[in-house]
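Just so it is clear, the structure is predicted and the values come from calculations on it, not from any experiment.
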Amino acid sequence: MFQFDGIWLGPKNHCECARTSKMTVYQLDNYIDKDKLAALTERREKEFRDYQRRYPLETKDVLIAQPNSPLSYPFQGVEVMPLHTVILPGLGFHGAGMEEQQVILQASFGALNTLADVSEDVVRGRGEKLLNISTRHVQLLNHILKHVTYTSTKYMLDAVDVVNFTIGTHQVRFPVTIRQPALPRLFDPGPDNNINNMVTITTKTFLRYHKLRVLIKSIRLYYPNMTIIVADDSENPEMIKEANVEQFIMPFGKGWFAGRNLAISQVTTKYYLWVDDDFLFTDQTKIEKLVDVLENSNLDVVGGSVAGNDYKFKITYEEGEDSSCLHLRYGSYHRLEGFPNCVVTSGVVNFFLARTEESRRVGFDPKLLRVAHSEYFMDGLGNLRVGSCNHVVVGHQPRHSATNSQEETSEKTYGKFRMSTQAEVRFKLALHYFKNRMKCYTKA
């Protein structure tokens with residue numbers, strides 16, 4: 001790096017989490033036993049190299065267009081399916097004339113050829129990585145170049161081959177993307193776009209059946225036929241026998257994110273609405289308004305407001321050579337176009353509507369048993385497009401709403417499990433160190 005007019009230029013090879021009075025800083029290697037840190041870091045770096053190998057587009061080559069080149073070529077948009085062939089469009093020489101010299105096209109992964117019917121004295125290397133053209137006739141050369149093909153010879157799901165195109169002292173490079181298109185996975189909303197065919201309500205419960213029943217009763221006032229999926233890891237489950245309620249029993253204390261995974265794995269609609277089991281639907285809980293946002297924007301997740309709190313946060317990622325840093329800050333980036341009550345952000349409250357398929361791709365880490373929420377959006381960074389809207393509000397049941405001794409006992413037991421122990425906090429931060437290759441993160 002170097003400095004120019006007080007600004008640091010060039011790539012950073014490391015990141016740091018600076019501490020201020022209003023900021024919480026987590027230095028993650030402090031939460032790993034010192035005698036295990038070196039071996040753990042070595043395993044982490046091995047897994048990171050494997051990650052880079054499997055996702056090569058994470059590290060893209062920078063292609064620079066040289067000035068005043070007489071060569072034309074495609075600098076973007078050439079794509080071929082694995083083991084298929086495509087014509088390379090736009091190849092040409094636009095000089096006034098040329099002496100007989102070698103024209104070279106060279107690929108790294110695939111094979112090059114031309115459909116032009118010319119002799120081997122003119123074109124050599126057909127079907128190989130290196131295609132060599134020899135002619136002094138510009139018109140013939142451009143005829144050959146117009147029909148040059150690229151064939152994918154290896155089955156790659158998503159890769160970029162950089163092709164070199166050289167004539168004399170002129171050289172250019174351009175990308176050819178090898179991509180296997182994925183099958184679309186669509187959800188049928190039905191002939192009448194009924195809200196019940198588009199949204200499933202999902203929740204996770206643990207011991208607090210008195211609150212869960214109040215939640216379900218409030219939902220039925222406004223959405224009497226909508227499917228509700230309940231993931232339940234209580235020790236002595238109480239069966240909820242109501243129409244359109246699907247209760248899935250888990251091992252005792254299996255955990256918060258494991259329950260989210262289970263609930264969402266059973267959704268068969270385009271969207272799911274996540275709610276906590278102590279929420280309360282009111283006349284302001286208009287799911288249709290959140291559906292309208294997702295139907296008419298490119299967002300994957302849109303949060304609402306919980307009793308007037310539409311907490312939202314931005315995530316900033318800093319990548320270094322040895323590890324990364326993450327910074328969570330309250331707020332949003334900008335307004336969502338077309339929706340005056342909505343903004344674009346990185347993470348939202350526990351009350352949100354999400355596209356089922358996109359959310360399942362990210363998933364909820366089942367290693368996180370107790371307090372966890374922002375971790376989902378951290379894992380979804382770069383994959384989930386998130387927004388927050390303050391005009392859809394869900395209520396929150398009173399914290400102390402037990403009406404008898406059994407409910408009071410459930411609340412007390414729940415409280416013991418609800419709070420993370422020091423060991424669980426330490427485990428979660430150590431998990432970030434390895435899984436996310438993170439050095440530290442800050443919250444403010």
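- Residues Ile229 and Phe248 have side chains in contact (heavy-atom distance under 4.5 Å, counting atoms from C-beta outward).
- Judged by distance alone, with hydrogens and angles left aside, the side-chain atoms of Ser234 form no donor-acceptor pair with the main-chain N or O of Pro237 at under 3.5 Å.
- Under the 2.5 Å cut-off for SG-SG separation, Cys17 and Cys440 qualify: their sulfur atoms lie closer than that.
- The closest donor-acceptor contact from the side chain of Asp161 to the backbone of Ser108 lies under 3.5 Å.
- Counted by atom type alone, Asn193 and Asn197 present zero donor-acceptor pairs between their side chains at under 3.5 Å.
- Note that NZ of Lys211 is 15.0 Å distant from CZ of Phe206, once rounded to the nearest 0.5 Å.
- Under the 3.5 Å distance criterion, the side-chain polar atoms of Tyr223 are matched with a main-chain donor or acceptor of Ile287.
- Partners of Asp50 under the side chain to side chain donor-acceptor pair (under 3.5 Å) rule, at least two apart in sequence or in another chain, are Arg53, Arg54.
- The CG atom of Asp35 lies 11.0 Å from the CG atom of Leu40; values are rounded to the nearest 0.5 Å.
- Geometrically, Arg44 engages Tyr433 in a cation-pi contact, judged by NZ or CZ lying under 6.0 Å from the ring centre and within 45° of the ring axis.
- Distance alone, capped at 3.5 Å, places no donor-acceptor pair between the Asn341 side chain and the Cys389 backbone.
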**OP:** Just do the side-chain contact (heavy atoms from CB on, under 4.5 Å) check on Asn296 and Phe339 with the steps written out, would you?
**Re:** CA-CA 10 Å; Asn296 295 284; Phe339 296 93; 3.9 Å; yes
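- A search for side chain to side chain donor-acceptor pair (under 3.5 Å) contacts involving Thr153 returns nothing, not counting sequence neighbours.
- Side chains of Ser346 and Tyr333: a donor-acceptor N/O pair is present below 3.5 angstrom, by distance only.
- Side-chain atoms of Thr151 and Thr85 include a donor-acceptor pair closer than 3.5 Å.
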Subject >> Residues Arg426, Asp33; criterion salt bridge (Lys or Arg N to Asp or Glu O under 4.0 Å); working and verdict >> reply: CA-CA 10 Å; Arg426 187 179 183 90; Asp33 294 340; 3.6 Å; yes
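- Between Leu280 and Leu215 the shortest side-chain heavy-atom distance does not fall below 4.5 Å.
- Ser324 contributes no side-chain N or O that, together with a main-chain N or O of Gly320, makes up a donor-acceptor pair within less than 3.5 Å.
- Between Ala18 and Val25, the closest heavy-atom pair is O-CG2, 3.8 Å.
- Note on residues 429-441: pairs passing salt bridge (Lys or Arg N to Asp or Glu O under 4.0 Å), not counting sequence neighbours, are Glu16-Lys439, Glu45-Arg437, Asp322-Lys439, Asp365-Lys435, Asp379-Lys435.
- Between the side chains of Thr356 and Tyr271, not a single donor N or O lies within less than 3.5 Å of an accepting N or O.
- For residues 274-315, the set of pairs meeting the disulfide bond (SG atoms under 2.5 Å apart) definition, not counting sequence neighbours, is empty.
- For Lys36, the NZ atom is loosely surrounded, since the number of other residues' heavy atoms within 6.0 Å does not exceed 12.
- Side chain of Ser69 to backbone of Leu71: a donor-acceptor contact under 3.5 angstrom is found.
- Tyr272 and Ser359 make their closest contact through OH-OG, 2.6 Å (heavy atoms, listed as atom of the first residue, atom of the second, distance).
- Atom NE2 of His327 is separated from atom CD1 of Ile315 by 11.5 Å, given to the nearest 0.5 angstrom.
- Salt bridge absent: Lys204 and Asp277 never bring a charged side-chain N and a carboxylate O closer than 4.0 Å.
- Side-chain contact annotation: Arg329 with Thr442, donor-acceptor N/O pair under 3.5 Å present.
- Distance alone, capped at 3.5 Å, is enough to place a donor-acceptor pair between the Thr202 side chain and the Leu273 backbone.
- In this structure, Tyr311 has its ring center closer than 6.0 angstrom to the ring center of Phe313.
- One finds the CG atom of Leu381 at 13.5 Å from the NZ atom of Lys314 (value rounded to the nearest 0.5 Å).
- Taken to the nearest 0.5 Å, the CG atom of Leu429 stands 11.0 Å off from the CG atom of Asp29.
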Original post:
Where do Ile178 and Asp158 land on the side-chain contact (heavy atoms from CB on, under 4.5 Å) test, with the steps shown first?
Top reply: CA-CA 6 Å; Ile178 305 164; Asp158 200 351; over 6 Å; no
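- Atom CG in Leu294 sits 5.0 Å away from atom CG in Leu353 (nearest 0.5 Å).
- With hydrogens and angles ignored, the 3.5 Å screen pairs a side-chain donor or acceptor of Glu375 with a backbone N or O of His373.
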**OP:** Evaluate side-chain contact (heavy atoms from CB on, under 4.5 Å) for Leu212 paired with Ile216, printing each intermediate quantity in order.
**Re:** CA-CA 6 Å; Leu212 175 63; Ile216 294 174; 4.0 Å; yes
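- You'll find the side chain of Glu238 reaches within 4.5 Å of the side chain of Arg213, heavy atoms only.
- If you check the side chains of His14 and Glu321, you find no donor sitting under 3.5 Å from an acceptor.
- Residues Ala263 and Thr203 share a closest heavy-atom pair of CB-O, 4.3 Å.
- Annotation for Lys428: atom NZ counts as buried by contact number, over 12 foreign heavy atoms lying within 6.0 Å.
- Ring geometry for Phe364 versus Tyr376: interplanar angle under 30°, hence parallel rather than tilted (30 to 60°).
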**OP:** Using the side-chain contact (heavy atoms from CB on, under 4.5 Å) rule, take Val230 and Val245 through it: C-alpha gap first, then chi angles, then the decisive distance, then the call.
**Re:** CA-CA 7 Å; Val230 180; Val245 175; 4.3 Å; yes
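- Residues His396 and Phe279 share a closest heavy-atom pair of CD2-CE2, 3.6 Å.
- Between the side chains of Thr269 and Thr200, at least one donor N or O lies within less than 3.5 Å of an accepting N or O.
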Original post:
So His432 and Tyr441, ring-ring contact (aromatic ring centres under 6.0 Å, His included) or not? Walk me through it.
Top reply: CA-CA 9 Å; His432 285 310; Tyr441 78 95; 5.5 Å; yes
**OP:** Check the pair Glu424, Lys367 against salt bridge (Lys or Arg N to Asp or Glu O under 4.0 Å), reporting the backbone distance first and the verdict last.
**Re:** CA-CA 10 Å; Glu424 287 166 341; Lys367 291 182 179 179; over 6 Å; no
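- Judged purely by distance below 3.5 Å, without hydrogens or angles, the side chains of Asp232 and Gln247 pair a donor atom with an acceptor atom.
- With Asn436 contributing its side chain and Met438 its backbone, the two residues share no donor-acceptor pair below 3.5 Å.
- Annotation: side chain of Ile195 is in contact with side chain of Glu288 (closest heavy-atom distance under 4.5 Å).
- Here Glu358 pairs with Asp300, Arg355, Arg361, Leu384 under the side chain to side chain contact (heavy atoms under 4.5 Å, CB included) rule; sequence neighbours left out.
- Heavy-atom minimum distance, Thr285 versus Val393: OG1-O, 2.7 Å.
- Here the shortest heavy-atom pairing between Ala430 and Ile32 reads CB-CG1, 3.8 Å.
- Distance alone, capped at 3.5 Å, is enough to place a donor-acceptor pair between the Arg360 side chain and the Ile264 backbone.
- Applying the disulfide bond (SG atoms under 2.5 Å apart) test to residues at least two apart or on different chains, none of the pairs has a partner in residues 191-261.
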